[in-house]
Protein chains: 2
Amino acid sequence: MKPRHPHVTGDCLAVSDILQRIGDKWSLLVVQNLGEGPKRFNELKHHIGNISQKMLTTTLRSLERDGFVTRTVFPTIPPRVDYELTDLGRELLIPVKGLAEWAIANAGRVSAARARFDGVKAAA
Amino acid sequence: MKPRHPHVTGDCLAVSDILQRIGDKWSLLVVQNLGEGPKRFNELKHHIGNISQKMLTTTLRSLERDGFVTRTVFPTIPPRVDYELTDLGRELLIPVKGLAEWAIANAGRVSAARARFDGVKAAA
DNA sequence: CGGGATCCGTTGGGATACTG
DNA sequence: CAGTATCCCAACGGATCCCG
């Protein structure tokens, strides 16, 4: 590997990768919910509200695979499964919160820009 | 990329929205490239390398709609179009960089977790 | 040169039904 | 309760052709 400038394209592939990973429809919501503490499957499902069971399962599996959450099964009847953030997951939450605050603070500017753009298009 | 509006409660709406917006396949790469300064269409296309013309156009339109980039047309022959980050776009780059640094620093831990997870699955 | 239009394979994600 | 399996539609994204 030859050394490259630190701020050039190669590195931002990892960023793009990570963003696409957590930028899907549900991952962030799940991680954010688990930020409050360990939760059970249906607890998450009910708290998020409109997520399908399939997507919750899929999302949790992906997060588990990438080392962001742990899955703990209690072999009881009825079964009980707890999901919890790993250290990696909690660390991820930090930069994500930075983006979160930006998003909350600037949501208005974005939707204003959107409305302006759509308005101009409609006027044509 | 595409406006989705799942009816969920809380501030994470905006965050999820923003993440899905810039978490698509190309937006971040484009914004990051434009972070170096204004660029022309084919200049961007060539720098990014493997993006199709359609996706570059689509991505730029979306970024323009959301107020992250400006599009300037010079009515010459042959035509020339410059794309440039707006203030909003440059501000977005700040929290994104936080995430970027995290991603670069922890890419190894993620892929290690991935390999471990897949290894366990394969061993079963 | 920049980009619209179209075709088409691939992926995301919801609904439903079934299982241990 | 916590999934798995299946079906199916809609959105994403690449390739190609065409136009000012």
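Below, each value reflects all heavy atoms present in this structure, side chains not excepted, and no hydrogens, waters or symmetry copies. Letters A, B, ... are given to chains in the order of the sequence lines, protein chains preceding strands, and every chain is numbered from 1.
At the phosphate of D:dA2, neither OP1 nor OP2 sits under 4.0 Å from any side-chain N or O atom of A:Arg80. Taking only side-chain nitrogens and oxygens, A:Tyr83 never comes nearer than 4.0 Å to OP1 or OP2 of D:dC1. Within the structure, every side-chain polar atom (N or O) of B:Arg71 is placed at least 4.0 Å from both OP1 and OP2 of C:dG2. Between B:Arg40 and C:dC1, a side-chain N or O to OP1/OP2 separation shorter than 4.0 Å is absent. Within the 4.0 Å cut-off from OP1 or OP2 of C:dG3, not a single side-chain nitrogen or oxygen of B:Thr57 is found.
Salt bridge B:Asp66/B:Arg21: present, at least one basic N to carboxylate O contact under 4.0 Å. Electrostatic pairing of B:Arg65 and A:Asp118 counts as a salt bridge here, judged by a charged N lying under 4.0 Å from a carboxylate O. Look at A:Arg109 and B:Glu91 and you find a salt bridge, because one of the NZ, NE, NH1 or NH2 atoms lies within 4.0 Å of a carboxylate O, short of that distance.
Residues A:Arg40 and A:Tyr83 fail the side-chain proximity criterion, which asks for heavy atoms closer than 4.5 Å.
For B:Gln20 and D:dA11, the CD to P distance is 14 Å, given to the nearest whole Å.
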Between the protein and nucleotides 17-20 of chain C, which nitrogen or oxygen pairs are less than 3.5 angstrom apart?
| residue | atom | partner | partner atom | Å |
| --- | --- | --- | --- | --- |
| C:dA17 | N6 | A:Gln53 | NE2 | 3.2 |

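Distances were taken from every side-chain heavy atom of A:Phe41 (C-beta onward) to each of D:dC7, C:dG2, D:dG3; the shortest belongs to D:dG3.
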